[in-house]
Amino acid sequence: MKIRNNSIMIAALGMALVFSATGCSVFKPSSSQEGSGKGLKGWVETERNNAEKETSIAKSKAKKDEKAAKAEAEKVIAKVDGKLQHIAEGLEDGKISGDWSIETVLGKKAVGETAPFIKFVPDENRIYGNNGCNTINGFYSSDSAGKTISFTNLATTMMMCGQNNITDAEIGEALGLTAKYTIEKGNDDESILRFFDAGGKQVMELMHRDFHFLDGTWAVTAIDGEKVDVKGMKIALDVDEKRLHGNTGCNIINGVLETDMDAANSISFSRIGMTRMACPDSGWETRMMVALEEAVTAKKVSADEIEFIGSNGKQVMLLKKSSPIED
């Protein structure tokens, strides 16, 4: 009996070694929980629990991403609103800010290869601009109570100008002579800025050109007077960066926004590039691109609406303030 029992033990041990060597199992272990002896049912429950955990994590991350995107959009909107408010308050208080086209200088009409202008940046006490041929920049100090102003460290690029009889040199001379200023309302409620020398003689007249009402994201609601029902058709504009970004409802577009100091609210869009995804042929995408090319003027319709006007004086596009573009 002793020998027989030993034989049985040896046989059992041999079978165990065979199963161990072949790796045979009725279910595949996938986690530490499978070792609890629950078998196939336990494995299924474990995998279901793991899937539920992964789903919960994914939902939580998506919610955080949505909150972050919303917070970023609100931050951009607040920045634009603050910029517009800053410009409006500056003009009311007699402070100088924003973009001004140079209309006359030292008794002459300001003439340049490009429209001469100056941009005032109060937070930095700096000016940027163009004298009709070369870019100009420098610093300024002003007193809105005493209406005094002076310019320092003025510098320009040194490009050769192809056009004769432009007033680039006179603009530099006038800025050097400037000691006082006034801001007043002109025709069409536009603000006029005048610079005077120490003796009270006018040396420069400038017209306020504020394009920052264009900043932000806009949904396209009408083209050529016809209501647009394309979901996601939007454009985002940044005046300082001269940038156009948009979505036709199918394709992404990018381009350049140009503002013209020669006339109030004169704009143009150029170098517009577009992705080439296959889209439903509704015709709205083509009409959107044509309208952007035809736009020559932008006007504020209300607090949350703007319109683009074509060279014939008719509206080519109506836009309404919207949430950021989802590419």
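No hydrogens, no waters, no symmetry mates; every other heavy atom, side chains included, goes into these values.
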If only atom types and distance count, is the side chain of [X] paired as donor or acceptor with the main-chain N or O of [Y] below 3.5 Å?
| X | Y | value |
| --- | --- | --- |
| Glu294 | Ser311 | no |
| Thr104 | Gly107 | no |
| Thr167 | Val111 | yes |
| Lys234 | Ser323 | yes |
| Asp215 | Val239 | yes |

Show your reasoning for whether side chain to side chain donor-acceptor pair (under 3.5 Å) applies to Ser101 and Asp99. CA-CA 7 Å; Ser101 63; Asp99 300 323; over 6 Å; no

Working to the nearest 0.5 Å, report the span between [atom1] of [X] and [atom2] of [Y].
| X | Y | atom1 | atom2 | result |
| --- | --- | --- | --- | --- |
| Ser144 | Ile183 | OG | CD1 | 9.0 Å |
| Leu244 | Asn254 | CG | CG | 7.0 Å |
| Lys180 | Gln202 | NZ | CD | 14.5 Å |
| Thr217 | Leu237 | OG1 | CG | 8.5 Å |
| Phe211 | Lys242 | CZ | NZ | 10.5 Å |
| Glu205 | Ile102 | CD | CD1 | 11.5 Å |

[Y] and [X] side chains, donor-acceptor separation under 3.5 Å:
| X | Y | answer |
| --- | --- | --- |
| Asp240 | His212 | yes |
| Glu307 | Gln315 | yes |
| Asn265 | Thr297 | no |

Among Arg209, Arg194, Lys109, find the one that has a salt bridge (charged side-chain N to carboxylate O under 4.0 Å, His left out) with Glu103. Arg209

For residues 131-143, run the donor-acceptor check on the side chains, cut-off 3.5 Å, and write out each pair with its distance to 0.1 Å, sequence neighbours left out.
from: Asn131; atom 1: OD1; to: Cys133; atom 2: N; distance (Å): 3.0
from: Asn131; atom 1: OD1; to: Asn134; atom 2: N; distance (Å): 2.7
from: Asn134; atom 1: OD1; to: Thr157; atom 2: OG1; distance (Å): 2.7
from: Asn134; atom 1: OD1; to: Met158; atom 2: N; distance (Å): 3.4
from: Asn134; atom 1: OD1; to: Met159; atom 2: N; distance (Å): 2.6
from: Asn134; atom 1: ND2; to: Met159; atom 2: O; distance (Å): 3.1
from: Ser141; atom 1: OG; to: Ser150; atom 2: OG; distance (Å): 3.2
from: Asp143; atom 1: OD1; to: Ala145; atom 2: N; distance (Å): 3.1
from: Asp143; atom 1: OD2; to: Gly146; atom 2: N; distance (Å): 3.4

With under 30° as parallel and over 60° as perpendicular, where do the rings of Phe120 and Phe195 fit, or are they tilted in between? perpendicular

State, to 0.1 Å, how close [X] and [Y] come at their nearest heavy-atom pair, and which atoms those are.
| X | Y | result |
| --- | --- | --- |
| Asn251 | Arg276 | OD1-N, 3.4 Å |
| Glu258 | Ser270 | CG-OG, 4.4 Å |
| Cys250 | Ala278 | SG-O, 3.9 Å |
| Ile325 | Gly246 | CD1-CA, 3.7 Å |
| Ala115 | Asp260 | CB-OD1, 4.1 Å |
| Glu285 | Thr248 | OE2-OG1, 2.6 Å |

Can you confirm whether [X] sits close enough to [Y] that some side-chain heavy atom of one is under 4.5 Å from a side-chain heavy atom of the other?
| X | Y | value |
| --- | --- | --- |
| Asn130 | Asp168 | no |
| Asn247 | Ile253 | no |
| Lys185 | Ile192 | no |
| Met317 | Ile309 | no |
| Glu305 | Leu318 | yes |
| Thr286 | Met289 | no |
| Asp197 | Thr178 | no |
| Glu173 | Leu106 | yes |

Could you go through Leu193 and His208, starting from their C-alpha distance and side-chain angles, then the distance that decides it, and tell me whether this counts as side chain to side chain contact (heavy atoms under 4.5 Å, CB included)? CA-CA 7 Å; Leu193 173 63; His208 191 227; over 6 Å; no

Cation over ring face, Lys321 and Trp218, 6.0 Å, 45°: yes

Treat each ILVMFWY residue as a node, draw an edge where side-chain heavy atoms are under 4.5 Å apart, and state whether [X] and [Y] are in one component.
| X | Y | answer |
| --- | --- | --- |
| Ile235 | Val228 | yes |
| Ile149 | Leu175 | yes |
| Met274 | Val290 | no |
| Val220 | Val296 | no |
| Met233 | Val301 | no |

Less than 4.0 angstrom from a charged side-chain N to a carboxylate O is my criterion; do Glu226 and Arg287 meet it? yes

Tell me whether Lys320 at atom NZ has more than 12 heavy atoms from other residues, nucleotides or ligands lying less than 6.0 Å away. no

Would you say Arg126 has more than 12 foreign heavy atoms packed within less than 6.0 Å of its CZ? yes

Could you walk me through whether Ile252 and Met277 satisfy the side chain to side chain contact (heavy atoms under 4.5 Å, CB included) test, starting with their C-alpha distance in whole Å, then the side-chain angles of each, then the deciding distance to 0.1 Å, before giving a yes or no? CA-CA 9 Å; Ile252 302 300; Met277 294 180 62; over 6 Å; no

Under the side chain to side chain contact (heavy atoms under 4.5 Å, CB included) rule, what do Phe269 and Val256 come out as? Steps first, then yes or no, please. CA-CA 6 Å; Phe269 298 100; Val256 176; over 6 Å; no

Checking Val316 against Ile223 for the side chain to side chain contact (heavy atoms under 4.5 Å, CB included) test, could you report, in this order, the C-alpha distance in whole Å, the side-chain angles of both residues, the deciding distance, and whether it holds? CA-CA 5 Å; Val316 296; Ile223 294 177; over 6 Å; no

